[in-house]
Structures are given as structure tokens and as C-alpha cells.
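Residues take their numbers from the sequence shown, with the count starting at 1. Owing to the predicted nature of the structure, the values given are computational and were not obtained by experimental measurement.
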Amino acid sequence: RVDEAVYRGQLGTPKSPKSRRIVSVPSQVLDVLEDWRAQCKFTQPEDFMFSIRTNSPIDLNRVLERLIKPIEEKLGLPRFSWHDFRHAYTTWGRQAGVEAEVMRDQVGHASVAMTQDVYTHFGDRGAAADRIGAHVFAADDVEQTA
């Protein structure tokens with residue numbers, strides 16, 4: 001459930017009414033989060049799952065610099081921002097066949113157009129054309145045999 005936001009270390013309300021939402025999480029991720037919570041010093045429902053020693057929110061920019069950037073460099077990947085991860089999540093969801101409306105709700109957009117036009121990036125359009133062709137020609141074969 002998203003009902004609070006942290007921006008530059010300050011706790012507040014989400015940016016818009018659509019930003020307040022319930023986010024579906026794969027069961028594998030829930031398992032990992034449960035394991036993580038069991039190891040945390042702060043375990044009350046109102047505590048942060050990812051915090052510094054004082055149960056204050058972590059600094060996401062420091063996480064990028066200290067943890068994400070070294071992994072990117074080791075793997076030869078370009079620099080990512082947290083916002084880039086939102087784009088990747090939306091694209092992966094659409095590639096997996098998740099409806100645009102569901103992805104809109106997952107990332108908290110007000111409109112499907114924002115999710116589709118700005119956040120979803122399909123790289124292999126040739127594969128999409130092949131799938132369309134297979135569908136069209138398969139349907140054509142069915143009509144000819146009928």
C-alpha cells in the first residue's frame with residue numbers, strides 16, 4: 001500500500017490521488033521482503049522496511065551511489081536512476097502481457113496514455129510484427145480450410 005511518500009528525506013503525502021494505491025507484488029518478492037523484515041531491527045508496522053539506524057528513511061541517492069552504481073559498472077551497464085526503474089518495470093509488464101490499465105494503477109499514473117506513451121518502451125518491434133503476422137496468417141489458414 002502506498003499512502004506515504006519520502007522526498008529528499010522528508011515524509012509526506014503522495015503527489016496525487018492516483019499515487020495513493022495498492023501495489024501488487026509478485027509472491028517471490030513478498031517472500032524476500034518477509035525474510036528481510038525478519039532481519040530488521042525495526043519490525044513494527046509503522047517502521048520503515050529500509051531505514052538507517054534511527055528508523056529514518058534511507059537516502060535513495062546514496063543507495064544509487066553506494067550500491068547500484070558499482071553493480072552497473074561491474075556489469076558494464078549504463079547509469080540508472082530510480083525513475084529509469086519505473087520505465088523498465090512498466091515496459092516489462094507490458095511485454096509480459098499485463099494490461100495497460102493495470103500497469104497505470106501499479107505505477108500510480110492518472111492516465112493510461114502516460115503509461116503507454118511515456119513509460120513503455122518496446123525495443124524489438126520486428127518480433128511484434130512477426131507475432132501479428134503469425135496471428136493473421138494463422139487466421140487466414142483457418143478460413144481457407146473451413
Side-chain angles (χ1 to χ4, degrees), residues 1-139 141:
R1 171 181 297 278
V2 177
D3 55 13
E4 293 179 303
V6 176
Y7 183 70
R8 296 188 180 186
Q10 300 298 313
L11 191 60
T13 59
K15 184 164 73 166
S16 71
K18 274 289 201 178
S19 297
R20 285 182 179 271
R21 62 198 184 279
I22 294 175
V23 178
S24 299
V25 180
S27 59
Q28 300 92 326
V29 173
L30 290 176
D31 292 342
V32 171
L33 290 174
E34 285 179 24
D35 290 345
W36 174 258
R37 177 59 96 180
Q39 299 173 38
C40 289
K41 178 180 177 182
F42 305 103
T43 59
Q44 297 304 308
E46 66 275 2
D47 292 336
F48 292 101
M49 280 204 68
F50 304 99
S51 66
I52 60 175
R53 289 184 212 138
T54 60
N55 195 27
S56 299
I58 59 173
D59 181 335
L60 293 176
N61 291 323
R62 291 190 74 182
V63 171
L64 280 175
E65 288 301 314
R66 294 177 64 209
L67 300 174
I68 306 295
K69 183 179 176 183
I71 293 169
E72 293 166 343
E73 289 174 355
K74 183 177 181 179
L75 296 175
L77 298 172
R79 287 296 307 264
F80 285 97
S81 69
W82 293 111
H83 197 74
D84 293 329
F85 286 116
R86 286 174 55 87
H87 283 258
Y89 177 78
T90 303
T91 300
W92 293 335
R94 294 295 292 131
Q95 287 172 336
V98 177
E99 295 84 1
E101 295 82 4
V102 173
M103 293 310 303
R104 173 205 58 207
D105 295 342
Q106 283 285 92
V107 296
H109 288 150
S111 74
V112 171
M114 172 65 84
T115 307
Q116 289 283 87
D117 298 343
V118 178
Y119 277 73
T120 304
H121 311 282
F122 289 108
D124 188 357
R125 299 199 184 274
D130 289 342
R131 287 194 309 272
I132 293 168
H135 175 75
V136 169
F137 291 110
D141 291 342

Rounded to the nearest 0.5 Å, what separation is found between the [atom1] atom of [X] and the [atom2] atom of [Y]?
X: Leu60; Y: Ser81; atom1: CG; atom2: OG; answer: 11.0 Å
X: His121; Y: Asp84; atom1: NE2; atom2: CG; answer: 8.5 Å
X: Ile71; Y: Phe80; atom1: CD1; atom2: CZ; answer: 11.5 Å
X: Arg94; Y: Glu99; atom1: CZ; atom2: CD; answer: 7.5 Å
X: Glu73; Y: Ile68; atom1: CD; atom2: CD1; answer: 12.0 Å
X: Lys18; Y: Asp105; atom1: NZ; atom2: CG; answer: 4.5 Å

Q: Check whether any side-chain heavy atom of Met49 lies under 4.5 Å from a side-chain heavy atom of Leu33, and answer yes or no.
A: yes

Q) Can you tell me if Ser56 uses its side chain to pair, donor with acceptor, with the backbone of Ile52 under 3.5 Å? A) no

Q: Mark yes or no for whether Glu101, through its side chain, and Val112, through its backbone, hold a donor-acceptor pair below 3.5 Å.
A: no

Q) Ring centroid separation for Tyr89 and Trp92, is it under 6.0 angstrom? A) no

Between [X] and [Y], what is the shortest heavy-atom contact and its length?
X: His109; Y: Thr115; result: ND1-OG1, 2.7 Å
X: Ile22; Y: Gln106; result: O-OE1, 4.2 Å
X: Arg86; Y: Val107; result: NH2-O, 2.9 Å
X: Phe48; Y: Val6; result: CE2-CG2, 4.4 Å
X: Ser19; Y: Val2; result: O-CG1, 3.4 Å

Q) How are the rings of His83 and Tyr119 set to each other: parallel, tilted or perpendicular (split at 30° and 60°)? A) perpendicular

(Q) Closer than 4.0 angstrom, basic N to acidic O: yes or no for Arg79 and Glu65? (A) yes

Q: Please collect all salt bridge (Lys or Arg N to Asp or Glu O under 4.0 Å) contacts where either partner lies in residues 33-58, sequence neighbours excluded, each pair once.
A: none

Q) Are there more than 12 heavy atoms of other residues, nucleotides or ligands under 6.0 Å from atom CH2 of Trp36? A) no

Q) Should we count CZ of Phe42 as having more than 12 external heavy atoms under 6.0 Å? A) yes

